[in-house]
Amino acid sequence: MAFPSFLFLLILLPLFFSNIPFSLSQSQLSPDYYRQSCPNLDNIIRDVVTTKQISNPTTAAGTLRLFFHDCMIGGCDASVLISSNSFNKAERDADINLSLPGDAFDVIVRAKTAVELSCPGVVSCSDILALATRNAITMVGGPFYTVNLGRKDSLVSTQSSVEGHMPLANMTMDEIIKKFESKNFTVQELVALTGAHTLGFAHCKEFAYRLFRYSKTVPTDPAYNPKYAEALKKLCHNYEKDPAMSAFNDVMTPSKFDNLYYQNLEKGMGLLESDNALFQNPKTRPFVQLYAKNQTAFFNDFARAIEKLSLNGVKTGNQGEVRRKCDAFNSIHI
């Protein structure tokens, strides 16, 4: 029997108007993907994340950052988790990934170990990373959002593939907007996702130039709130001898997922130059002001944006594998 053309159109029309570009790989994902094969998956991961977050309060921020780096480079496929070996330099050894926190990698290893004890050889590392990120965000007060599952883990991870894919703290906001647009994200989605800076910290070396050598005539960036700048100078005065010195992105509520990050930007308390540019740029400022006033709007938009991010470049079927260990391919690739 011929398939009625009007039914075909009814199926396709929503795809043209969706904010998330449709792909065959995405269509194979489902929140219930492991309902039969690993029914207790979410509880297993939640328990691991909770235990880790209690013992190491920066875990949520680190896991979210790890997830973002993974998804922006080749898609959400756990390629950032692969360790380098004598045959291959992997993504995690690229300069921009060297500061990814060990606690984030550790929580994924722990979660994978716990899942393998219950459901061996079933759940991919990329799905574990996606779920761990969502659970970490909600644990520290952030919004709950749906995680579609069924990703496969990448078969490739190379240091050389990282260059040019990540926004950098010293980029202009127009450059950062173009970077996100190349991944099919709108300006509003960029601002919402940057709200992840409500958690975590940055090393002093990433913003010290704004404090001590902004220009030949003005050593400190005038965009900084003066009292905030003085406090940062005291904190980072010895950063060249101690490269581990760091400051919280959100000095007010550094371990809580909320909208104070945006309120801080309005007060000249954006730690990185890209944070400050988010408020200064006329394309992004209206969304900063919206989220500073309305946490519900921020939570709703962040949830939609990170759900969209979680579908970026996913692998399914024979495009990938379910790794036995998250830091190594199932077979050596030469």
Quiz item: Arg151 side chain to Ser310 main-chain N or O, any donor-acceptor pair under 3.5 Å?
Solution: yes

Exercise. May I ask you to check whether Asp93 and Ser84 show a side-chain donor-acceptor distance below 3.5 Å?
Key: yes

Quiz item: With no hydrogens and no angle check, is any side-chain donor or acceptor of Thr158 less than 3.5 Å from a backbone partner on Ala90?
Solution: no

Quiz item: Does one side chain, of Tyr291 or Gln188, offer a donor that lies under 3.5 Å from an acceptor on the other?
Solution: yes

Quiz item: Leu168 and Leu278: same hydrophobic cluster, using ILVMFWY side-chain contacts below 4.5 Å?
Solution: yes

Quiz item: Apart from Met139 itself, what residues make up its hydrophobic cluster, given side-chain heavy atom links below 4.5 Å?
Solution: Ile54

Quiz item: Does a side-chain N-to-carboxylate-O contact under 4.0 Å join Asp77 and Lys152?
Solution: no

Self-check item: Leu199 backbone acceptor or donor facing Asn249 side chain under 3.5 Å
Solution: yes

Quiz item: Do Asn148 and Ser30 pass the side-chain hydrogen bond (donor to acceptor under 3.5 Å, both in side chains) test, and can you show the C-alpha distance, the side-chain angles, and the key distance before you say yes or no?
Solution: CA-CA 5 Å; Asn148 285 293; Ser30 166; 5.4 Å; no

Self-check item: Spatial distance of atom CE (Met269) from atom CG (Leu232) [nearest 0.5 Å]
Solution: 8.5 Å

Self-check item: Modelled atom types, side-chain donor and acceptor of Gln289 and Tyr262, under 3.5 Å
Solution: no

Quiz item: Got a sec, which hydrophobics cluster with Phe201, joining ILVMFWY side chains under 4.5 Å apart, including via others?
Solution: Phe248

Exercise. Output every pair passing disulfide bond (SG atoms under 2.5 Å apart) with a member in residues 238-327, not counting sequence neighbours, ordered by first then second residue.
Key: Cys125-Cys326

Quiz item: Is it true that Lys233 and Glu230 have a side-chain N and a carboxylate O under 4.0 angstrom from each other?
Solution: yes

Quiz item: Just by distance, do the side chain of Thr59 and the backbone of Asp103 share a donor-acceptor pair under 3.5 Å?
Solution: no

Quiz item: Taking the six-membered ring where the residue is Trp, are the ring centres of Phe299 and Tyr145 under 6.0 Å apart?
Solution: no

Practice problem: Mark yes or no for whether Lys241, through its side chain, and Tyr239, through its backbone, hold a donor-acceptor pair below 3.5 Å. | Solution: no

Quiz item: Side-chain donor-acceptor pair under 3.5 Å between Asn170 and Tyr209, yes or no?
Solution: no

Practice problem: Taking the side chain as every heavy atom from C-beta outward, state whether Arg134 and Ile137 have any pair of such atoms under 4.5 Å apart. | Solution: no

Exercise. Looking only at non-hydrogen atoms, find the nearest pair between Ala247 and Leu271 and report the distance.
Key: O-CD2, 3.7 Å

Quiz item: Are the side chain of Asp70 and the backbone of Ser79 linked by a donor-acceptor contact shorter than 3.5 Å?
Solution: yes

Quiz prompt | Interatomic spacing from OG in Ser157 to CD in Glu91 - rounded to 0.5 Å | solution = 4.0 Å

Quiz item: Cut-off 3.5 Å, side chains only: do Arg92 and Ser83 have a donor facing an acceptor?
Solution: yes

Practice problem: Give a yes-or-no answer on whether the side chains of Asp275 and Tyr261 include a donor-acceptor pair shorter than 3.5 Å. | Solution: yes

Quiz item: Quick one: do the Lys179 and His165 side chains pair a donor with an acceptor below 3.5 Å?
Solution: no

Practice problem: Answer yes if the side chains of Asp42 and Asn135 hold a donor-acceptor pair under 3.5 Å, and no otherwise. | Solution: yes

Quiz item: Is it true that a side-chain atom of Ser55 and a backbone atom of Lys52 form a donor plus acceptor pair closer than 3.5 Å?
Solution: yes

Quiz item: Under 3.5 Å, is there a donor-acceptor pair linking the side chains of Asn40 and Asn43?
Solution: yes

Quiz item: Can you tell me if Asn225 uses its side chain to pair, donor with acceptor, with the backbone of Tyr228 under 3.5 Å?
Solution: yes

Practice problem: Give a yes-or-no answer on whether the side chains of Asn56 and Thr58 include a donor-acceptor pair shorter than 3.5 Å. | Solution: no

Practice problem: Please determine, by modelled atom types, if Ser126 and Asp153 share a side-chain donor-acceptor pair under 3.5 angstrom. | Solution: yes

Quiz item: Would you say Glu116's side chain and Pro120's backbone share a donor-acceptor pair under 3.5 angstrom?
Solution: no

Quiz prompt | Polar side chain donor-acceptor pair, Arg323 to Ser154, under 3.5 angstrom | solution = yes

Quiz prompt | Electrostatic pair Arg110:Asp106 at N-O distance under 4.0 angstrom | solution = yes

Quiz item: Which pair of heavy atoms, one from Phe68 and one from Leu309, lies closest together, and at what distance?
Solution: CD1-CD2, 3.8 Å

Quiz item: Is Lys308 positioned over the aromatic face of Phe185, cation under 6.0 angstrom from the ring centre and no more than 45 degrees off axis?
Solution: yes

Practice problem: Identify the two heavy atoms, one from Ser161 and one from Ile73, that lie closest to each other, and give their separation to 0.1 Å. | Solution: O-CG2, 3.8 Å

Self-check item: Flag for Lys89-Ser160: side-chain donor and acceptor within less than 3.5 Å
Solution: no

Self-check item: Any donor-acceptor N or O pair under 3.5 Å, side chains Thr253, Asp250
Solution: yes

